[in-house]
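Step one of this worksheet: look at the structure below.
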Amino acid sequence: MDETEAVAALEEKLDSLPPVTEVVAGAAQEIAQGNVHWDQIVSQLITWGLDAGKHIAVAALLYVAGHYLIRLLNYILARFLARRNVEISVQTFVKSFVGAVLQVLLIVSVVGALGVNTTSFAALLASFGVAVGMALSGNLQNFAGGIVILFLKPYKVGDWVEAQGTAGTVQAIQIFHTILLTADGKQIYVPNGSMSSGTIINYNMTPTRRCEWVVSIDYGEDVERARQEVLALLAADERVLKDPAPAVWLNELASNSVDILVRCWVDNVNYWDVMFQVRERIYNRFNEVGIGFPFPQVTVHQAAV
């Protein structure tokens with residue numbers, strides 16, 4: 001079929017259709033004859049509007065009441081866990097998990113109040129959950145990691161830990177993440193999956209910690225004298241434990257200095273104060289007694305001409 005024949009066939013089909021005026025006239029005639037009952041249509045619209053409004057109002061009231069009920073249940077749960085002296089790590093995890101479950105139940109209830117078949121919605125939600133679970137398999141791993149952390153307790157809320165390239169105080173153990181607060185006040189969310197399977201350094205697991213300093217003095221200074229001065233400073237500090245006893249050794253004969261290694265043990269809570277304050281006291285004491293600190297030196301030998 002060429003282009004001319006195709007155009008002719010299309011024009012023939014268009015001519016066979018009734019004109020628009022006839023269609024409009026036919027519709028007007030149906031209305032005039034009373035075949036279209038407007039009162040029934042209006043009545044049905046009003047009935048549908050009232051029914052929809054009722055469902056919407058009930059759903060809105062249910063959402064508001066459910067929202068406050070969830071807050072009340074979370075408050076009661078928090079009080080219950082606190083009175084039972086449940087560990088803070090477990091409290092934060094349980095409250096986060098229960099809150100998420102209650103929110104899902106509220107959504108299902110609101111959808112049911114809107115008149116949607118909850119059975120079909122539950123099936124749809126289950127299918128959606130499977131799809132989301134496959135897409136977010138990492139979060140399921142984080143959820144399992146959170147459970148492992150709660151059972152094995154490699155750390156708890158309040159511990160200072162170092163993991164995944166960051167360090168901070170554990171603020172909360174949630175469903176998917178552990179929240180760390182760094183020394184400079186930043187909050188870091190670390191996935192529980194990484195925390196449960198990676199290397200963790202917990203600085204609060206033991207009651208004591210060892211402090212260590214390397215103090216450099218000039219060549220020619222009396223090493224024994226320097227040792228006795230440092231030991232006297234440590235003996236005068238009540239925070240330094242007597243057992244194990246502090247120790248001072250000659251550590252290294254460096255290119256520009258004689259390096260002395262100082263070690264002592266303190267309670268964990270005193271670690272940072274002792275680390276900074278004792279270093280400053282050693283510096284001040286050596287200046288008082290005339291023990292010199294080294295500077296970088298270069299010896300130049302001049303060849304005879």
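- Leu61 and Leu72 fall into different hydrophobic clusters, where Ile, Leu, Val, Met, Phe, Trp and Tyr side chains are chained together by heavy-atom contacts under 4.5 Å.
- A donor-acceptor pair under 3.5 Å links the side-chain atoms of Asp237 to the main chain of Arg239, judged by distance alone.
- Val215 has its side chain within reach of Phe293: a pair of non-hydrogen atoms, C-beta onward, lies under 4.5 Å apart.
- Around CD of Glu224, the count of heavy atoms belonging to other residues, nucleotides or ligands within 6.0 Å exceeds 12.
- The shortest non-hydrogen separation linking Ile200 to Met195 is CD1-O, 2.8 Å.
- Counted within 6.0 Å of CD on Glu280, heavy atoms from surrounding residues, nucleotides or ligands total 12 or fewer; the atom is thus considered open.
- In Lys186, the NZ atom is not crowded: 12 or fewer heavy atoms of neighbouring residues, nucleotides or ligands sit closer than 6.0 Å.
- Formation of a donor-acceptor pair under 3.5 Å by the Ser196 side chain with backbone atoms of Gly193 is found in this model.
- Under a 3.5 Å cut-off, the side chain of Asn268 and the backbone N or O of Thr206 do form a donor-acceptor pair.
- You'll find the side chain of His177 stays beyond 4.5 Å of the side chain of Val190, heavy atoms only.
- The shortest side-chain heavy-atom distance between Leu73 and Leu102 falls under the 4.5 Å cut-off.
- Residues Val278 and Leu234 are in side-chain contact: their nearest non-hydrogen atoms beyond the backbone lie under 4.5 Å apart.
- A side-chain N or O of Tyr155 and one of Thr178 form a donor-acceptor pair less than 3.5 Å apart.
- Using a 4.5 Å heavy-atom cutoff, the side chains of Trp265 and Asp243 are not in contact.
- Hydrophobic cluster membership is shared by Met275 and Val240, with clusters built from Ile, Leu, Val, Met, Phe, Trp and Tyr side chains linked at under 4.5 angstrom.
- To the nearest 0.5 Å, the span separating OG on Ser197 from CD on Gln141 amounts to 6.0 Å.
- Counting only heavy atoms from C-beta outward, the side chains of Leu253 and Tyr219 approach each other to under 4.5 Å.
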Please output the side-chain donor-acceptor pairs of residues 163-173 that fall under 3.5 Å, not counting sequence neighbours, one pair per line with the distance.
residue: Gln164; atom: NE2; partner: Ser194; partner atom: O; Å: 3.3
residue: Gln171; atom: OE1; partner: Gln187; partner atom: NE2; Å: 2.7

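- Note: the hydrophobic cluster containing Ile217 also contains Val289 (ILVMFWY, side chain heavy atoms under 4.5 Å, direct or indirect links).
- In this structure, Trp160 shares a hydrophobic cluster with Ile201, Tyr203, the cluster being traced through Ile, Leu, Val, Met, Phe, Trp and Tyr side chains under 4.5 angstrom apart.
- In the hydrophobic cluster analysis, where Ile, Leu, Val, Met, Phe, Trp and Tyr join through side-chain heavy atoms closer than 4.5 angstrom, Leu77 is grouped together with Ile175.
- For the pair Glu221 (side chain) and Gly292 (backbone), a donor-acceptor distance under 3.5 Å is present.
- Side-chain contact between Met205 and Asn202 is present, with at least one heavy-atom pair separated by less than 4.5 Å.
- The backbone N or O of Ile70 sits less than 3.5 Å from a side-chain atom of Asn74, completing a donor-acceptor pair.
- Atom OH of Tyr283 has 12 or fewer neighbouring heavy atoms from other residues, nucleotides or ligands inside a 6.0 Å radius.
- Going from atom OH of Tyr271 over to atom CZ of Arg210 covers 9.0 Å, rounded to the nearest 0.5 Å.
- No hydrogens or angles considered: a donor-acceptor pair under 3.5 Å links the side chains of Arg79 and Tyr75.
- If you check the side chains of Asp259 and Asn251, you find no donor sitting under 3.5 Å from an acceptor.
- A distance of 12.0 Å separates CZ of Phe295 from OG of Ser216, quoted to the nearest 0.5 Å.
- By the 6.0 Å contact criterion, CZ on Arg71 is open, its count of non-hydrogen atoms from other residues, nucleotides or ligands being 12 or less.
- Cluster membership for Ile188 and Val161, using ILVMFWY side-chain heavy atoms within less than 4.5 angstrom, is shared.
- To the nearest 0.5 Å, the span separating OG1 on Thr208 from CG on Asn270 amounts to 11.5 Å.
- Taking all atoms of both residues into account, the shortest heavy-atom contact from Ile291 to Ala226 is CD1-CA, 3.9 Å.
- When atom types are taken as modelled, the side chain of Asp159 and the backbone of Lys156 share a donor-acceptor pair closer than 3.5 angstrom.
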- Query: Do Asp267 and Arg209 pass the salt bridge (charged side-chain N to carboxylate O under 4.0 Å, His left out) test, and can you show the C-alpha distance, the side-chain angles, and the key distance before you say yes or no?
  - Reply: CA-CA 6 Å; Asp267 290 334; Arg209 287 183 65 183; over 6 Å; no

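- We find that Arg227 and Glu229 are not joined by a salt bridge, their nearest charged nitrogen and carboxylate oxygen being 4.0 Å or further apart.
- Leu69 CG to His67 NE2: the interatomic distance, rounded to the nearest 0.5 Å, is 11.0 Å.
- Residues Leu233 and Ile282 are in side-chain contact: their nearest non-hydrogen atoms beyond the backbone lie under 4.5 Å apart.
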